[in-house]
Amino acid sequence: MGERAFWVGTYTGGAGDGAGIYRMTRRTGGALEALELAAEAVSPSYVAVHPGRDVLYAVREEDEGGVAAYEATGAGLREIGRRGAGALPCHLSVAPDGAHLVVADYGSGTVRAYPLDGGGGFAGGADVAEGHGGGPRTGRQEGPHAHMTAHAPDGTVLTTDLGADLVRSFRIEDGALRLAGETRLPAGYGARHLVVHPGGYVHVLTELAAAVLVLRPVHGYAALEVVAESPATAGPAGDPAQGAAIKLGDGGRFVYTSMRGTDVVTAHRVRDGGAALEPVADVPSGGHWPRDLHVDGEWMHVANERSGTITTFRIGGNGVPEPAGAALSVPSPVCVVPA
């Protein structure tokens, strides 16, 4: 695989040492270099790319949150629009058809869908779905905390709610978010991130219980049921558990998770077409407080927020990542996506 560029979201101001959205390059041999500040922004912790346009979207993760759209112009970014959001927007994703941007607001517990025009710019205000409920971990589950948005193969928007122990399913109809169903997860687990496996199952990483839950679609992705649970790490997860990201690898043969505190990335072997997971190895993340990770064929890149590094791993045939080369210094990195 040849050279490839990536966008990096960071924390800024009181939340971190970053200055905005950065661009870095992976050389043919795997080395990361050529870090550049592509756009100044306030805590663009998570970013996402449009599926058919050279447009990047970023949250503004603060109490009076927002989202912004940028046109990619070579190594730089030019802002083409912004909209307000709820409190502490922490994740966003673009619908596969490019028609909507969906955002999870952690602080206010809301989910919102912004219509996009043909060029990837904002085409109006957001439709907002309110959250509800809470959980037994009073320090973290005093109310709803939407944490991630993803898109299932049937068009359903799947969202996690750490505060209410829910996976919520939505349909976007006539520009509006319509609640299609809610899946109750074990109390106190704190759903954080999820992936949809090619076999149809949904794998949910929980932040508060150091576990991965496997959910099976019952009637499409509007109705799901928990069918399996496995540890998020092969060894002790640490106390308190701080699960962060979950990603697929090798066409779904493996799943990878990151765990803060113990600072490891874990390789999980996928069993029975996605119906079960088996953690096989914990690998040091190469830094402190691993957040997002990106799996790109044989390569994996891990954003270590508190040590200010992005580390690179080469994934062997057994699915276990092995360190590859020196870490790249990046201030308070959170998210890595291909440019």
Side-chain angles (χ1 to χ4, degrees), residues 3-13 15-16 18-26 32-62 65-85 88-106 111-126 148-151 157 193 245 247 291-296 299 301-303 305 310 328 330-339:
E3 293 188 357
R4 190 166 196 183
F6 297 86
W7 304 115
V8 182
T10 69
Y11 278 127
T12 70
I21 303 167
Y22 293 81
R23 187 179 188 270
M24 66 180 185
T25 301
R26 185 185 65 221
L32 294 175
E33 53 186 66
L35 184 72
E36 303 174 79
L37 180 63
E40 293 186 356
V42 176
S43 285
S45 57
Y46 270 81
V47 297
V49 295
H50 190 284
R53 297 287 184 266
D54 290 329
V55 177
L56 179 77
Y57 306 93
V59 300
R60 188 180 73 244
E61 191 174 338
E62 55 183 354
V67 293
Y70 300 87
E71 180 185 20
T73 55
L77 295 169
R78 181 180 67 86
E79 185 176 318
I80 59 173
R82 65 173 65 185
R83 291 290 188 273
L88 301 175
C90 65
H91 194 274
L92 73 176
S93 62
V94 188
D97 63 1
H100 290 87
L101 176 71
V102 187
V103 177
D105 300 318
Y106 180 87
V111 177
R112 57 194 65 222
Y114 301 82
L116 302 175
D117 62 28
F122 293 112
M148 184 185 183
T149 71
H151 303 268
V157 177
H193 280 197
K247 297 293 175 69
R291 293 289 300 266
D292 193 36
L293 55 89
H294 177 71
V295 180
D296 186 30
W299 301 108
H301 305 296
V302 180
E305 177 194 341
I310 295 179
L328 180 68
V330 182
S332 303
V334 179
C335 175
V336 179
V337 300

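Here the structure is a predicted model, which is why all the values come from computation and not from measurement.
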Check [X] against [Y] and note the closest heavy-atom contact, atom names and distance.
| X | Y | result |
| --- | --- | --- |
| Tyr46 | Cys90 | CD1-O, 3.1 Å |
| Val49 | Val337 | CG1-CG2, 4.3 Å |
| Trp7 | Ala38 | CZ3-CB, 3.6 Å |
| Gly120 | His50 | CA-CD2, 3.9 Å |
| Tyr22 | Leu35 | CB-CD1, 3.7 Å |
| Pro51 | Val94 | CD-CG1, 3.6 Å |

Output yes when a side-chain donor or acceptor of [X] lies under 3.5 Å from a complementary backbone atom of [Y], and no otherwise.
| X | Y | answer |
| --- | --- | --- |
| Tyr106 | His91 | no |
| Asp54 | Ala72 | no |
| Thr25 | Ala5 | no |
| Thr149 | Val102 | yes |
| Ser45 | Thr10 | no |
| Arg60 | Gly65 | yes |
| Arg291 | Pro333 | no |
| Arg83 | Gly124 | yes |

Query raised in the report: Thr12 versus Pro44: any side-chain heavy-atom pair under 4.5 Å?
Result: yes
Going from [atom1] on [X] to [atom2] on [Y], what distance comes out if it is rounded to the nearest 0.5 angstrom?
| X | Y | atom1 | atom2 | answer |
| --- | --- | --- | --- | --- |
| Asp296 | Arg4 | CG | CZ | 4.5 Å |
| Met24 | Glu33 | CE | CD | 11.5 Å |
| Lys247 | His193 | NZ | NE2 | 8.5 Å |
| Leu293 | Ile310 | CG | CD1 | 11.5 Å |

Requested in this report: Please identify each residue that fulfils ring pair (Phe, Tyr, Trp, His ring centres under 6.0 Å) with His294, with sequence neighbours left out.
Outcome: Phe6
Query - Partners meeting ring pair (Phe, Tyr, Trp, His ring centres under 6.0 Å) with Tyr114 (sequence neighbours left out) - result: Phe122
**Report entry** More than 12 heavy atoms from other groups under 6.0 Å of CD on Glu79
**Finding:** yes
Report task. State whether a side-chain donor-acceptor pair under 3.5 Å links Tyr11 with Glu61. Result -> yes
